[in-house]
Amino acid sequence: MKKIVVFVALCLLATNIFAAKTDNNITAIKALAERVVPSVADQFEWRVLPAKGGDRWELSSEDGKIVIAGNNAGSMAVGLNHYLKYYCLTEVSWYAADPVVLPATLPSVDTPVSAKARVKDRFFL
């Protein structure tokens, strides 16, 4: 009986840790979208994928929203960049004064797109 209680407690702890990480990733990517594309940030839906097989992201449309899924906020940011670059035909500049010019209506993603990091360790700057 004691083993069952310990097992259940560990399962609950793991679930809470995963939920906290999920919440942190969603909070981070939503904040990024609010900074980069504030006028359409509410038209995106964010989903966290299980962290297996390296960093990856998926892009699709569902119920009028652009769905970007990734195993962490960084992967979802790469998915957002892909969507802006290849579907909205715009780019995000280093210069805050350069606006991100978007089409009047966000294009849907007719065929789901996904990608995975080609290397295990990456860095930026």
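Quantities reported herein were computed from a predicted structural model and do not represent experimental measurements. Quick note: numbers below take in every heavy atom, side chains included, and nothing from hydrogens, waters or symmetry partners.
At most 12 non-hydrogen atoms from other residues, nucleotides or ligands lie less than 6.0 angstrom from NZ of Lys30.
At a cut-off of 3.5 Å, with distance as the only test, no side-chain donor of Asn72 or Asn25 sits close to an acceptor on the other residue.
Counting only heavy atoms from C-beta outward, the side chains of Leu59 and Ser114 never approach each other to under 4.5 Å. Side-chain contact between Leu32 and Met76: absent, with no pair of heavy atoms (C-beta onward) separated by less than 4.5 Å. Looking only at side-chain heavy atoms (C-beta outward), Glu45 and Ile66 stay at 4.5 Å or farther from each other. Taking the side chain as every heavy atom from C-beta outward, Leu84 and Val36 approach each other to under 4.5 Å.
Between Arg47 and Glu62, at least one side-chain nitrogen of the basic residue sits less than 4.0 Å from a carboxylate oxygen of the acidic one, meeting the salt-bridge criterion.
Minimum heavy-atom separation, Gly70 to Ser75: CA-CB, 4.2 Å.
In terms of modelled atom types and a separation under 3.5 Å, the side chain of Thr90 and the main chain of Leu102 share no donor-acceptor contact.
Here Ser108 pairs with Asp110 under the side-chain hydrogen bond (donor to acceptor under 3.5 Å, both in side chains) rule; sequence neighbours left out. With sequence neighbours excluded, no residue forms a salt bridge (charged side-chain N to carboxylate O under 4.0 Å, His left out) with Arg35. Judged as a ring-ring contact (aromatic ring centres under 6.0 Å, His included), and not counting sequence neighbours, the contacts of Phe44 are Trp46, Tyr83.
Val113 and Tyr86 fall within a single hydrophobic cluster, where Ile, Leu, Val, Met, Phe, Trp and Tyr are joined by side-chain heavy atoms under 4.5 Å apart, directly or via other members. Val109 and Val67 fall into different hydrophobic clusters, defined by Ile, Leu, Val, Met, Phe, Trp and Tyr side-chain heavy atoms under 4.5 Å apart, directly or through other members.
Atom CD1 of Ile68 is separated from atom CG of Leu80 by 4.5 Å, given to the nearest 0.5 angstrom. With rounding to the nearest 0.5 angstrom, the CZ atom of Arg56 is 5.5 Å from the CG atom of Asn71. With rounding to the nearest 0.5 Å, the separation of NZ in Lys116 from CH2 in Trp57 is 14.0 Å. The structure places OG1 of Thr27 at 6.0 Å from CG of Asn24, a figure rounded to the nearest 0.5 Å.
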